[in-house]
Amino acid sequence: MFGIEFTEVLLFLMQLGLAVSGAAALWGLVLIYRGANDVHGEACIVYDWIAEKLLWVLYGGIVIAGVAWLAVSATLPALAHVGITVVPTHAEHMDAFSLMWPVFALWLFISPIGLFVRQFRPAQFHRHLKLFFSVQLIFAALLISVPAWSGVFDLRQFFFFSHSFHSIFTLGTVVVLDVLFLISKSSLYLKRHIYPLFPLISKVILGGLTIELIGVFLVFGEALALTPKFFFMETVIGILLINGMVLAGPVTRRMIVAANDRDGVLARKWEIVGDVAGTISVTSWFTITFVDYFHHLTLSYAGMFSIYASVLVVAIVVHLSWKSLFRSEVPDAYIAAHANTTIYK
Amino acid sequence: MRKDAESNLFKPSELVIISAGILFLLAVAVMWVFGNVAVWFAAAFLYAIGTVMFVFNT
């Protein structure tokens with residue numbers, strides 16, 4: 001349909017899962033370090049509590065990437081039969097798959113062990129949480145860095161790396177940001193700890209886009225083709241930058257002030273702006289990564305933009321509905337119970 | 001801090017990146033009509049400047 005191939009869908013899902021799990025590990029690690037700076041205060045417990053919540057995002061990413069990887073494994077022999085008729089990008093994807101499968105298999109093998117230890121030895125797991133996030137980040141970064149293998153370490157290979165790796169900083173981080181934002185909605189305590197992280201997160205997202213642009217410049221002649229798909233992606237980049245600055249600038253500043261000086265509630269106007277801008281951000285990064293994986297798209301610019309706009313409207317409705325459904329406060333007792341079962345045990 | 005947060009809508013670095021975003025949109029029109037990528041380069045350059053400003057000034 002629309003020139004989309006099933007293998008491309010699977011490769012996209014692998015990329016999505018790796019980006020999300022890598023970003024969850026990255027920000028889990030950042031939260032643990034933030035907490036460690038205030039070992040005996042509440043900051044430690046709250047940051048720690050939030051970091052543990054990111055475990056579910058991390059495992060969600062692992063499941064998505066793992067299922068997609070197993071599905072690609074099943075289609076690999078069929079692709080190999082196609083031989084030289086396979087377009088080069090597919091061949092390079094499959095070479096990378098063959099190169100990285102032992103790492104992927106090891107990652108899928110050790111990850112459930114972490115979940116098992118967390119379930120039956122929570123205090124022990126917590127003591128090694130920093131190590132756990134570090135190992136997860138290394139695996140995700142390694143696996144996402146080689147989406148395709150050209151056979152040599154040249155500019156083309158660096159482009160493959162930058163074109164894929166940035167997703168941990170962009171798509172994955174935006175997903176984590178949205179999760180943190182939704183978690184924070186339920187408690188003023190959480191808002192005071194999570195909101196000050198947003199400027200740092202914005203810098204990392206911009207840094208991710210910079211990595212991507214550096215890769216494009218290195219193989220400019222080969223990478224730039226004036227197609228409807230390219231025009232569409234540049235349109236979304238433009239929207240992302242404008243929207244991102246609304247979110248990272250005035251909205252974030254107002255959120256931090258509201259959380260610190262008041263009860264954490266924004267003026268209605270700014271609350272809606274924040275919700276809509278946040279949804280545009282995550283939907284747009286998702287769209288760019290998704291569209292990028294399909295090399296033979298037959299959709300016109302208008303077709304792609306119509307689908308993007310429709311998905312955006314649905315996402316905004318879902319986001320606002322989620323917010324209205326999950327307004328219950330997180331009792332402080334939850335955080336205290338977490339501290340009792342992990343830190344002070 | 002409250003005054004800063006609630007009086008200034010955008011900081012200079014944010015305005016530069018917003019300008020880059022608008023240039024990217026303009027670049028799409030120019031590339032489509034004229035096939036020229038100069039505006040796209042300008043947008044990327046402006047984005048780089050804005051990002052450096054944003055990272056070090058916020």
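First the proteins, then the strands, lettered A, B, ... as listed; each starts at 1.
- For a residue to count as touching a neighbouring chain, one of its non-hydrogen atoms must lie under 4.5 Å from one of that chain's; by this rule A:Val236 does not touch chain B.
- Contacts of A:Leu209 with chain B are made by both backbone and side-chain atoms, with heavy-atom separations under 4.5 Å.
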Take A:Met245 and B:Phe54, measure what side chain to side chain contact (heavy atoms under 4.5 Å, CB included) needs, and give me the verdict at the end.
CA-CA 10 Å; A:Met245 286 304 103; B:Phe54 187 85; 4.0 Å; yes
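- A donor atom on one side chain and an acceptor atom on the other are not found under 3.5 Å apart for A:Thr235 and A:Tyr308.
- Contact of the A:Ile242 side chain with the B:Leu25 side chain is registered, since non-hydrogen atoms from C-beta on lie closer than 4.5 Å.
- Of the two parts of A:Thr252, neither the backbone nor the side chain holds a non-hydrogen atom closer than 4.5 Å to a non-hydrogen atom of chain B.
- Both the backbone and the side chain of A:Leu206 come within contact range of chain B, with heavy atoms under 4.5 Å apart.
- For an aromatic pair to be called close, the ring centres must be under 6.0 Å apart, and A:Tyr301 with A:Phe231 fails this.
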